[in-house]
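First the structure, in the form of structure tokens, and then the observations on it.
The figures here come from the full heavy-atom set of this structure, side chains too, leaving out hydrogens, waters and symmetry mates.
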Amino acid sequence: MFVDIVLLATAAVLVAGSYLFKRSAGTLILAAMAGGLMASLAAATAAQQLDAHGVHIQRVQPEAAVGIAITLLPALLVWFAGPKSHARIRRLIGAVVFASVVVALIAGYMKGIFAESLVTQAHVSQVVRYKMSILAVGLAFALIDLYLSKAIKGRERGRRK
């Protein structure tokens, strides 16, 4: 139950932040997916490097902490410096899809942070089971969002001339 609350709180912060900062969901989703790809490739190596250099994280597996950090870093950079979107409904739906994608990406690392008994009782296993479907929907939405934002900008340029 506690793990579910942590993931829901993470999703709520991501939804509120991406909606209130008026960021384009397409770029946020693609950045989160890029971070997830980098984390899947480099989290173990980076955790070993941290351990070799004397950086020890108490009560948490270093691979889980590094994996979550690498996953979130590109999305957070885009969150503060990415393109803006002004369509309210698309921005709200995009914020929910973005949060779902991020939760799906970091749910696999929850076993390294919380006790395994907490994780197996939670809904994390359901999120991990449907991770690929969530990512596919997120990728489709990101591509549609990017296409629509480019199409709208093209129409605005035509009107200004």
Side-chain angles (χ1 to χ4, degrees), residues 2-50 55 57 60-114 118-119 122-153:
F2 183 71
V3 178
D4 294 336
I5 293 171
V6 169
L7 287 177
L8 282 174
T10 303
V13 167
L14 292 173
V15 167
S18 63
Y19 183 77
L20 294 176
F21 284 128
K22 297 182 180 181
R23 295 301 174 199
S24 172
T27 53
L28 285 171
I29 292 168
L30 291 177
M33 287 185 171
L37 180 63
M38 288 189 310
S40 68
L41 296 174
T45 306
Q48 289 173 355
Q49 290 294 325
L50 285 176
V55 178
I57 303 170
V60 175
Q61 290 181 0
E63 186 175 337
V66 170
I68 290 174
I70 291 174
T71 300
L72 292 177
L73 186 63
L76 291 177
L77 291 174
V78 171
W79 193 0
F80 291 113
K84 291 192 174 191
S85 175
H86 299 288
R88 288 183 182 168
I89 301 295
R90 194 171 77 211
R91 211 171 69 218
L92 181 62
I93 294 170
V96 171
V97 172
F98 167 64
S100 301
V101 166
V102 171
V103 166
L105 288 170
I106 67 173
Y109 295 111
M110 289 297 134
K111 288 183 182 175
I113 294 177
F114 298 105
L118 289 174
V119 175
H123 293 95
V124 174
S125 59
Q126 296 294 326
V127 173
V128 171
R129 181 186 303 169
Y130 295 111
K131 177 181 177 178
M132 290 302 152
S133 299
I134 294 169
L135 295 179
V137 169
L139 180 63
F141 183 85
L143 293 175
I144 291 169
D145 184 60
L146 289 174
Y147 175 75
L148 289 177
S149 66
K150 294 292 181 183
I152 290 171
K153 285 183 183 178

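Note that CG of L28 is 11.0 Å distant from CG of L77, once rounded to the nearest 0.5 Å. One distance of note links CD1 of I89 with CD1 of I93; it measures 6.5 Å at 0.5 Å rounding. Here Y130 contributes atom OH and L135 contributes atom CG; the two are 14.5 Å apart, rounded to the nearest 0.5 Å. Atoms CZ and CZ, on F98 and R91 in that order, are 14.0 Å from each other to the nearest 0.5 Å. We find the OG-CG distance between S85 and L146 to be 10.0 Å, quoted to the nearest 0.5 Å. In this structure, NE2 in H86 is found 10.5 Å from OG in S24, a value given to the nearest 0.5 Å.
Two residues are said to be in side-chain contact when any heavy atoms from C-beta on lie closer than 4.5 Å; L143 and Y147 fail this criterion. L73 is not listed as a side-chain neighbour of M38, based on a closest heavy-atom distance of 4.5 Å or more.
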Pair up each side-chain donor or acceptor in residues 63-72 with any protein partner under 3.5 Å, not counting sequence neighbours, and list the distances.
{"residue": "T71", "atom": "OG1", "partner": "G67", "partner atom": "O", "Å": "2.7"}

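In this structure, T45 contributes its side chain and A42 its backbone to no donor-acceptor pair below 3.5 Å.
Across all non-hydrogen atoms, the minimal contact from G94 to A25 is CA-CB, 3.3 Å. A pairwise comparison of heavy atoms in A32 and V102 identifies CB-CG2, 3.8 Å as the closest pair. Taking every heavy atom of both residues into account, A107 and V127 meet most closely at CB-CG1, 3.8 Å. Closest heavy-atom contact between A31 and P74: O-CB, 3.5 Å. A pairwise comparison of heavy atoms in L14 and A99 identifies CB-CB, 4.1 Å as the closest pair. Nearest heavy atom pair, residue S100 against residue I134, reads O-CG2, 3.6 Å.
Here side chain to side chain donor-acceptor pair (under 3.5 Å) pairs that include residues 134-143, with residues two or more places apart or in two chains, number zero.
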Any chance you could lay out the side-chain contact (heavy atoms from CB on, under 4.5 Å) test for L139 and L30, step after step, and finish with the verdict?
CA-CA 7 Å; L139 180 63; L30 291 177; 3.7 Å; yes
Show the numbers, then the answer: is there a side-chain contact (heavy atoms from CB on, under 4.5 Å) between V101 and M33?
CA-CA 8 Å; V101 166; M33 287 185 171; 4.1 Å; yes
Between D145 and T27, does a side-chain contact (heavy atoms from CB on, under 4.5 Å) hold up when you go through it step by step?
CA-CA 9 Å; D145 184 60; T27 53; over 6 Å; no
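Applying the ring pair (Phe, Tyr, Trp, His ring centres under 6.0 Å) test to F21 and every residue at least two apart in sequence or in another chain returns W79, F80.
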